[in-house]
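Everything on this sheet refers to the single structure shown next.
Convention: sequence-line order gives letters A, B, ...; per-chain numbering from 1.
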Protein chains: 2
Amino acid sequence: LLQAAVKLGSVRAVLEANAARRKPKIAKGTRDFLPAQMTIRRHAFRVIERCFARHGAVAIDTPVFELRETLMGKYGEDSKLIYDLADQGGEILSLRYDLTVPFARYVALNGLGNIKRYHVARVYRRDQPQAARGRFREFFQCDFDIAGAYPPMVPDAEVLKVLVEILSELDIGAFRIKLNHRRILDAMMRVCGVPSNKFRAICSAIDKLDKEPWAAVRTEMVDQKGLAPEAADRIQQFVQEAGEPRALLAKLSAADYPLAADPEAAAALAEMGTLFDLLGSMGNALDSIRFDLSLARGLDYYTGLIYEAVLVPTPGSDANENVGSIAAGGRYDGLVGMFSGKDVPAVGVSIGIERVFAILERRLTAAAKTGGATIRETQTQVLVASPGKGMQLDRIQLAAELWGADIAAEFGYKANPNFKDSLQYADDEGIPFLVILGESEKQEGIVRLKNMQRIAELGSGDALLSKLAA
Amino acid sequence: LLQAAVKLGSVRAVLEANAARRKPKIAKGTRDFLPAQMTIRRHAFRVIERCFARHGAVAIDTPVFELRETLMGKYGEDSKLIYDLADQGGEILSLRYDLTVPFARYVALNGLGNIKRYHVARVYRRDQPQAARGRFREFFQCDFDIAGAYPPMVPDAEVLKVLVEILSELDIGAFRIKLNHRRILDAMMRVCGVPSNKFRAICSAIDKLDKEPWAAVRTEMVDQKGLAPEAADRIQQFVQEAGEPRALLAKLSAADYPLAADPEAAAALAEMGTLFDLLGSMGNALDSIRFDLSLARGLDYYTGLIYEAVLVPTPGSDANENVGSIAAGGRYDGLVGMFSGKDVPAVGVSIGIERVFAILERRLTAAAKTGGATIRETQTQVLVASPGKGMQLDRIQLAAELWGADIAAEFGYKANPNFKDSLQYADDEGIPFLVILGESEKQEGIVRLKNMQRIAELGSGDALLSKLAA
């Protein structure tokens, strides 16, 4: 008996292992987009791409993988997150890590002197995924970049204007854009007595200030990176400076401010003044911008203006919506030259749209539940239904006529669908019209049209939902 | 002197090698999409996705890579063309080879009983690329599939109707859709005396009939695959059968035709009759369809109806436009069950859009050259120009007002653009309006508007071009 139980146990183990093996799986850190999620994604992309096009940008696309050598030496220690393809004989390839390096490769390969382009595509990082916060290993970036030699800060101002327009139109809550300049950071470090060979390391320590308290960052600077304690303390004075752009610029440019003696700082501060004047000419583009000396940005390739957009947590907002940075960018004047030997200055922004999807999905699902409305998955306008039997070919013929008139229509695949089920289906799917084709209608050569649309009282929060339902 | 020359020579070699190394490269068999190509691609996708949506399909998306085990055992000997990711610790992954297997995985993973979905995305094959014929290692497929248990041939008919609508609307020339049924092929082989363990091998030999003469296929059957010569000769009689669907169906269903004795054949032929009746109710869907017993399709997973669309070469057409199959599909009732253990019948079609791009690009570029028109790369409606100097902030302010009204506008990045250059730029880019802001206009508080649009006589071939320019 005991032996039989053991045998039975091992049979069950084998069966369960087999069942587990059969269970279909998806790669870690990736996701399927379900139909309702595609509706939301399409809405977000439409807003974003329309804004890019409104500013005269062309669209381009590049392959999902690049030669590995194209990506090498561009991302600092984050290079370890790059996905490599297996060596199957032939070229050594890697999945793209962002859209900026492929863009620089594109500009160099096509010998372009200037281009204003956008690119919406997926990038790949072997990072620790956090699905609830919209962090995936495969995720979309929406990039807008302007390459070409132009008067200082003119393209930079338009990139920031584009970012402001998009974050406003997406309607995902209040946001703030932090702004700084790599050459002001450099001047600050010079003034504080940081040796130039430590600039980059100290910069990447400063970059952690939005996640860690000053004490921790100071420890990293002094203990790990060997900075003199007095230098660190002087840095602390600077990185606390943040505020309304023109006011802070006036303070930093004053003759008695410690940056006054540094000619590089004076030039960069003058550029900031130009930028603020340009943004001031662009409606309310300056309102959401904050000049912030603690913004450092980790990537090596930035050479001038840098920025990062964050959502401002509101009292009632979901903790998951405090997703940190949702867009970032800056000026990188040396990247194209790494490929072609000929520099083409460039500036751009990258919007991390996956986090926006997560916010929109949460809000729209809640709004749909409250308002009794539907996030439409299909675009079907008409369901052709028949109360009687034997009408399938008639329904199909009518649907084909509707398709011919570019009207989205379904006819029901069952030979004799139950009429109540048809009504329920149209209601569930938010299909606005039912075309009813009965035996008597057929003989008269007419159809009956039923309007399914529920006119609900929609609050302002549901405005988007009703747009999506259109 | 000689020694100096040698040294100089090696210096040059080093320099040249260095230059070659610096030259940016793109992975073999992949492509960048340039702005004009993106305009064409967007046009094609719009036509295709609109048709999918018109038929009530939902959109989904899946990751670019799947667990390798998901793809294994699905593609027969073509599995060697799958791109594998490097093992960097963690899961074993491969890039998707088509959209059908990820769709089956999606249906199984989400436990769906039925879904009508479309999916437009890139797939990856380590194949020999032929860029001129639109064959790449990374390419788009546009897939439309219907999964679920429905009356025979109803979803199959709609899939074919979708294919006919899309190929007609893309306006890429005459096309023909070849149709066959796996169970008729099986019956044919039974009747010819092919042993059942050779069905698959003989099927894949028949599949080559569109590229090779009968003699070569016969040799493969007899010499390589060990088929009895009499069986091969009997097959030859069958695979010559092709023609108008109802006429051929009548011939094959006749009591004196050799298939009459096979009950499986009778059932499959009855299904074909149902299909033709359904298609007959859908406008002119049957007109471009040809019932063709030589169509076999290589893939293992088909279980019923199979089809393939080809362009019909016209006397004047470019040799490169004879691209062979541009769409294919069929019924695969067992694929979902390979993941979940629970079969969900399904039927679908995959359109190889890269070849369509190549044809559209060639035709539109030629039409543009002839008609003096432009394939527009931007959507800019207005260029804000100023004849005088010192007007940049005014131009920017005006552009910002236009953006605020959702009008696509550019203002020129140079501080004082030459007015003639502005005119030329608007003309080159096909920008329809110039808004002119001079010192006197500024004082009066007005602007002048110049209509740049050239009204050219557009022949019917240019109709699409003018649509693209809109």
Side-chain angles (χ1 to χ4, degrees), chain A residues 22 24-28 30 32-35 38 53-67 83-86 88 90-91 93 105-106 108-109 122 126 138 150-151 154-155 165 278 281-283 339-341 377-380 393 396-397 400 403-404 406 408 410 413-415, chain B residues 22 24-28 30 32-35 38 53-67 83-86 88 90-91 93 105-106 108-109 122 126 138 150-151 154-155 165 278 281-283 339-341 377-380 393 396-397 400 403-404 406 408 410 413-415:
Chain A
R22 285 201 91 142
K25 270 187 275 182
I26 189 167
K28 190 180 168 188
T30 68
D32 288 326
F33 276 86
L34 305 180
M38 286 297 283
R54 192 162 62 225
H55 285 263
V58 298
I60 70 158
D61 200 5
T62 65
V64 81
F65 45 68
E66 296 277 347
L67 296 178
Y83 273 99
D84 293 330
L85 268 74
Q88 293 171 287
E91 298 162 322
L93 305 169
R105 192 272 303 148
Y106 174 98
L109 180 65
R122 278 167 160 166
R126 294 177 54 254
E138 172 186 59
Y150 296 114
V154 179
E165 286 183 17
L278 290 162
S281 304
M282 293 179 174
F339 294 107
S340 62
E377 300 182 351
T378 72
Q379 296 174 37
T380 307
L393 286 185
I396 290 176
Q397 202 172 345
W403 297 330
D406 196 26
E410 295 178 53
Y413 286 149
K414 286 188 184 169
Chain B
R22 289 199 87 145
K25 269 188 274 182
I26 189 168
K28 189 179 169 190
T30 69
D32 287 327
F33 277 85
L34 305 180
M38 285 297 282
R54 193 161 61 224
H55 284 262
V58 298
I60 69 157
D61 199 4
T62 66
V64 80
F65 45 68
E66 295 278 350
L67 296 178
Y83 274 100
D84 292 331
L85 269 74
Q88 295 171 286
E91 298 162 322
L93 305 169
R105 193 270 306 147
Y106 174 97
L109 180 64
R122 279 166 159 165
R126 295 177 54 254
E138 174 188 56
Y150 296 114
V154 180
E165 285 184 19
L278 290 163
S281 304
M282 293 179 175
F339 294 107
S340 63
E377 299 181 351
T378 72
Q379 297 174 37
T380 306
L393 285 186
I396 290 177
Q397 202 170 346
W403 298 331
D406 197 25
E410 295 179 53
Y413 286 150
K414 286 187 183 170

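In terms of non-hydrogen atom pairs under 4.5 Å with chain A, the most contact-rich of B:E410, B:K414, B:E138 is B:E138. Between chain A and the residues B:Q379, B:E165, B:R126, the largest count of heavy-atom pairs under 4.5 Å involves B:R126. Between chain A and the residues B:P151, B:A57, B:A59, the most heavy-atom pairs under 4.5 angstrom are made by B:A59. Of all the listed residues (B:A415, B:A53, B:G283, B:G90), the one sharing the greatest number of non-hydrogen pairs under 4.5 Å with chain A is B:A53. When A:A400, A:S281, A:G404 are compared by the number of non-hydrogen pairs under 4.5 Å with chain B, A:S281 comes out ahead. Here B:L85 is the residue among B:L85, B:T62, B:T380 with the most heavy-atom pairs under 4.5 Å with chain A.
For A:K28, the parts sitting under 4.5 Å from any heavy atom of chain B are the backbone and the side chain alike. The part of B:Y150 that comes within reach of chain A is its side chain, from C-beta onward, which places non-hydrogen atoms under 4.5 angstrom from that chain. The part of A:E91 that comes within reach of chain B is its side chain, from C-beta onward, which places non-hydrogen atoms under 4.5 angstrom from that chain. Only the side chain of B:L93 has a heavy atom closer than 4.5 Å to any heavy atom of chain A. For chain B, the nearby parts of A:L278 are the backbone and the side chain; heavy atoms of each come within less than 4.5 Å.
Heavy-atom minimum distance, B:T30 versus A:P63: OG1-CG, 3.3 Å. Between A:F339 and B:P24, the shortest heavy-atom distance links the atoms O-CD, 3.5 Å. The heavy-atom pair separating B:M38 from A:D61 by the smallest distance is SD-CB, 3.9 Å. Considering every non-hydrogen atom in both B:K25 and A:L67, the closest pair reads CB-CD1, 3.4 Å.
Looking only at side-chain heavy atoms (C-beta outward), A:D84 and B:Q88 come within less than 4.5 Å of each other. Two residues are said to be in side-chain contact when any heavy atoms from C-beta on lie closer than 4.5 Å; A:R105 and B:I26 meet this criterion.
From A:R54, atom CZ reaches atom OG1 of B:T378 across 14.0 Å, with rounding to the nearest 0.5 Å.
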